Amino acid sequence: MTRPADLIGRIMAATLGGYALAYASTGALALLLPVPRADAVYISATLAFLPYLAAILWAFGARSASRAWTGLLVATAPCAAVLLLSWPTS
């Protein structure tokens, strides 16, 4: 039986971690796609549901809530790095 704390951790990982992954992957994909900017934003926003779905499945399929969080952080890090490296400087 799953402990309540583990279940809450998984729910938080699925919602917050999934949102972070979807947001970061959408931004990174919009920057990296070799199409006009408006098309890249549209395509990446349309595909944002896939990493979010994968995050939800991962959060409840992992052995523990800490593994779910770790996996989501590892998946989000490269996308966030692309966004940070492309941040405009003044």
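This structure is a prediction, so every number in the text was calculated from the model and none was measured. No hydrogens, no waters, no symmetry mates; every other heavy atom, side chains included, goes into these values.
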**Q** Go through the structure and list residues passing side-chain contact (heavy atoms from CB on, under 4.5 Å) with A75, not counting sequence neighbours.
**A** L21
**Q** Specify the closest pair of heavy atoms between A68 and A13, including all atoms of both residues, with the distance to one decimal.
**A** CB-CB, 4.2 Å
**Q** Are L31 and R37 packed together at the side-chain level, in the sense that at least one heavy-atom pair is separated by less than 4.5 angstrom?
**A**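 A side-chain contact exists here, since the closest heavy-atom pair is under 4.5 Å.
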**Q** Can you hop from L16 to I11 via hydrophobic side chains spaced under 4.5 Å?
**A** no
**Q** Hey, could you give me each pair passing side-chain hydrogen bond (donor to acceptor under 3.5 Å, both in side chains) that has a residue in residues 47-72? Not counting sequence neighbours.
**A**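 Qualifying pairs: S64-S66.
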**Q** Of all heavy-atom pairs between A55 and G18, which one has the smallest distance, and what is that distance?
**A** CB-CA, 3.4 Å
**Q** Once rounded to the nearest 0.5 Å, what's the spacing between atom CZ of F49 and atom CD1 of I56?
**A** 11.0 Å
**Q** Not counting sequence neighbours, which residues clear side-chain contact (heavy atoms from CB on, under 4.5 Å) with A54? List them please.
**A** none
**Q** Nearest heavy-atom pair of A48 and T26: which atoms, and what distance?
**A**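 That closest heavy-atom pairing would be CB-OG1, 3.1 Å.
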**Q** With sequence neighbours left out, write down each residue that passes side-chain contact (heavy atoms from CB on, under 4.5 Å) with L47, or none if nothing qualifies.
**A**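 Scan of L47 (side-chain contact (heavy atoms from CB on, under 4.5 Å), adjacent residues dropped) gives L29, I43, L50.
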**Q** Are any non-hydrogen side-chain atoms of F60 and L7 less than 4.5 angstrom apart?
**A** yes
**Q** Take a 6.0 Å sphere around OH of Y23 and say whether it holds more than 12 heavy atoms from other residues, nucleotides or ligands.
**A** no
**Q** Output the distance between atom OH (Y42) and atom CG (D39), rounded to the nearest 0.5 Å.
**A**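 Interatomic distance, Y42 OH to D39 CG, rounded to 0.5 Å: 10.0 Å.
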**Q** Running the 4.5 Å side-chain criterion over Ile, Leu, Val, Met, Phe, Trp and Tyr, what cluster does L57 land in, apart from itself?
**A**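 Other cluster members: L53.
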**Q** Of all residues at least two apart in sequence or in a different chain, which pass the side-chain contact (heavy atoms from CB on, under 4.5 Å) check with A40?
**A** L33, V35
